[in-house]
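Computed from heavy atoms alone, side chains included, the values below leave out hydrogens, waters and symmetry copies.
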There are 2 protein chains.
Amino acid sequence: MFYKSVEPYIEKKSEIEFKRNQIIYHEGDEPKNLYFIVSGLVGLFHISESGKETFFRVFGKDDILGHRSYFAEEPYHASSIALTPVVLAVISKEECKRICEVNPDLIREVIRNISQDLGQAELRLAGLFDKTAHKRISESLVYLKLKHPNYVWTRKEIAEYAGTTFETVARVMTQLEKQNLIKKEGRDFSIINHEQLLSLDEDYYS
Amino acid sequence: MFYKSVEPYIEKKSEIEFKRNQIIYHEGDEPKNLYFIVSGLVGLFHISESGKETFFRVFGKDDILGHRSYFAEEPYHASSIALTPVVLAVISKEECKRICEVNPDLIREVIRNISQDLGQAELRLAGLFDKTAHKRISESLVYLKLKHPNYVWTRKEIAEYAGTTFETVARVMTQLEKQNLIKKEGRDFSIINHEQLLSLDEDYYS
DNA sequence: CGATAGATTGAGAGTTTTCAACCGATGTGG
DNA sequence: CCACATCGGTTGAAAACTCTCAATCTATCG
């Protein structure tokens with residue numbers, strides 16, 4: 001959505017390609033560019049001291065990337081990794097500054113987007129404290145699958161999004177399949193009943 | 001910090017007062033105003049279905065309030081509550097829009113602020129998944145106490161910030177006092193050794 | 001000084017993690 | 001095109017951390 005509204009204003013455009021699992025930028029680095037996704041899927045991950053990974057956000061076609069650190073004027077707090085082969089449009093900080101000045105819409109868009117992400121992050125925070133792993137996993141399955149139906153999410157990615165371990169994800173998915181709420185298909189899965197999956201009471205044990 | 005840079009541009013100014021524990025706005029409400037804190041302390045809390053509360057953010061003098069929802073164009077995702085007696089300057093959405101147009105600095109300030117908060121929220125998310133309650137509590141003690149040294153934080157508030165229960169906070173604080181890292185003073189406490197408190201190994205059990 | 005909100009401490013329960021072993025899918029080189 | 005290597009997934013059992021519930025204590029304030 002972003003890229004389309006900014007593209008006309010770009011003067012110096014360049015594109016880069018990344019293979020699956022390649023790192024686009026590292027946690028701790030100073031942001032030098034803004035990126036827009038031309039094609040592919042990108043995940044934003046944080047790795048803690050103990051080595052545990054957390055999956056913060058997913059980005060898809062036309063999404064902007066690296067904007068939080070750029071506008072926060074901070075180093076990256078997490079690393080962006082290509083989940084599929086990815087093509088990015090790169091825009092330098094200087095160019096971005098210029099575009100923001102001639103086209104205030106970009107900044108309006110970005111501030112709305114970041115504000116929404118902040119709300120979402122805080123509600124996830126509350127959920128991590130409040131909800132069982134079972135519920136968080138159900139919600140993550142719906143969120144991730146709806147957002148990118150064609151990508152095959154690994155148990156590990158789901159776990160890192162939901163804030164749990166891949167073993168727990170596997171267990172919960174087995175249980176959800178027995179309840180006919182999802183269907184495992186190889187390593188992929190599909191959702192049979194969205195509403196029930198989200199309104200889960202989970203006092204069901206087979 | 002915000003209020004000072006915006007004040008000169010305000011045409012219609014009005015102030016409201018709140019007593020301790022009064023609710024400034026409710027989760028779910030549609031934002032109609034922006035608020036600036038003239039004096040006092042405000043907490044942003046979310047209450048989940050099960051009744052568990054989470055403490056998202058603190059606001060103090062000159063901070064802006066209600067901005068996330070305003071810029072996200074969403075209803076409030078949490079409630080703002082006066083932690084002390086509070087005086088707020090109220091600015092209508094219309095006025096805010098006008099100010100943003102004549103004074104682009106406000107929006108630059110806000111986007112930086114929200115971006116930093118998003119980073120912080122996501123790192124808390126990662127910490128909730130990764131760190132022990134003990135460590136999260138130590139960090140919360142430092143954060144809250146440094147930010148507002150004169151406010152007497154309750155165990156409940158600390159717990160809701162750290163993502164744990166007040167009983168666990170009480171236990172950890174007792175332990176930290178035995179290690180001479182903090183000192184309990186009535187219901188208040190002071191920090192004796194910041195660095196050690198943050199670099200805690202916690203394999204220490206007395 | 002009594003009332004009340006907040007704090008402490010103990011013991012037991014429960015979810016989730018951890019560690020470990022094993023299984024199955026997928027993809028590649030011979 | 002098969003065989004094997006590898007990555008991802010499943011399942012079990014035990015351990016661990018934190019929560020919950022409950023009883024008791026203590027600041028603080030009218």
task = Please work out which of the three classes, parallel, tilted or perpendicular, describes the rings of A/Y161 and A/F55, given edges at 30° and 60°.
result = perpendicular

note = By nearest-nucleotide position on DNA chain C, the 5'-leaning member of A/E185 and A/G163 is A/G163

message = Just to be sure I understand the geometry, which residues of residues 137-155 of chain B put a non-hydrogen atom under 4.0 Å away from DNA chain C?
response = B/T154, B/R155

request  = Could you check how far CZ of B/F166 sits from C1' of C/dT8, rounded to whole Å?
outcome  = 10 Å

message = Do B/H194 and B/L146 have side chains that approach each other closer than 4.5 Å (heavy atoms only, starting at C-beta)?
response = yes

inquiry  = Just the rounded figure in Å: distance from C1' of D/dC19 to CG of A/D130.
reply    = 13 Å

inquiry  = If I take atom NZ from residue B/K135 and atom CG from residue B/L198, how far apart are they, to the nearest 0.5 angstrom?
reply    = 9.0 Å

Whole-Å gap separating C1' (D/dT10) and CD1 (A/I182) = 13 Å

query = side chain to side chain donor-acceptor pair (under 3.5 Å) with B/K32: which residues, sequence neighbours excluded?
reply = none

inquiry  = Please tell me if A/T164 has a side-chain N or O lying less than 4.0 Å from either OP1 or OP2 of C/dT16.
reply    = no

inquiry  = So A/K131, base contact, sugar-phosphate only, or nothing? Heavy-atom distance under 4.0 Å.
reply    = nothing

message = I want to confirm an ordering. Mapping A/A170 and A/F129 to their closest nucleotides on DNA chain D, which one lands closer to the 5' end?
response = A/A170

message = Could you check whether A/Y35 and A/F59 have their ring centres less than 6.0 Å apart?
response = no

message = If the cut-off is 4.0 Å, is A/T168 near the phosphate of C/dT17, judged by side-chain N/O to OP1 or OP2?
response = yes

query = Ignoring hydrogens and angles, are the base of D/dT6 and the side chain of A/R187 linked by a donor-acceptor pair under 3.5 Å?
reply = no

note = So CZ of B/F166 and CE of B/M173: to nearest 0.5 Å the spacing works out to 14.0 Å

note = When rounded to whole Å, the CG to P distance for the pair A/N21 and D/dG8 reads 8 Å

request  = Specify the separation, in whole Å, of atom CD of A/E53 and atom P of D/dG8.
outcome  = 12 Å

query = How close or far is atom C1' of C/dT17 from atom CZ of A/R171, stated in whole angstroms?
reply = 8 Å

ask   = Starting at NZ of B/K184 and ending at P of C/dT8, how long is that distance when rounded to a whole Å?
value = 4 Å

message = Starting the side chain at C-beta, find the nucleotide from C/dT16, C/dT9, D/dT20 nearest to B/T174.
response = C/dT9

inquiry  = Between the side chains of B/R124 and B/D117, is the shortest nitrogen-to-carboxylate-oxygen separation below 4.0 Å, so that they form an ion pair?
reply    = no

request  = Using atom CG of A/D188 as one end and atom C1' of C/dT26 as the other, report the distance to the nearest whole Å.
outcome  = 14 Å

Side chain of B/K52 (C-beta onward), nearest among C/dC19, D/dT20, C/dT17 = D/dT20

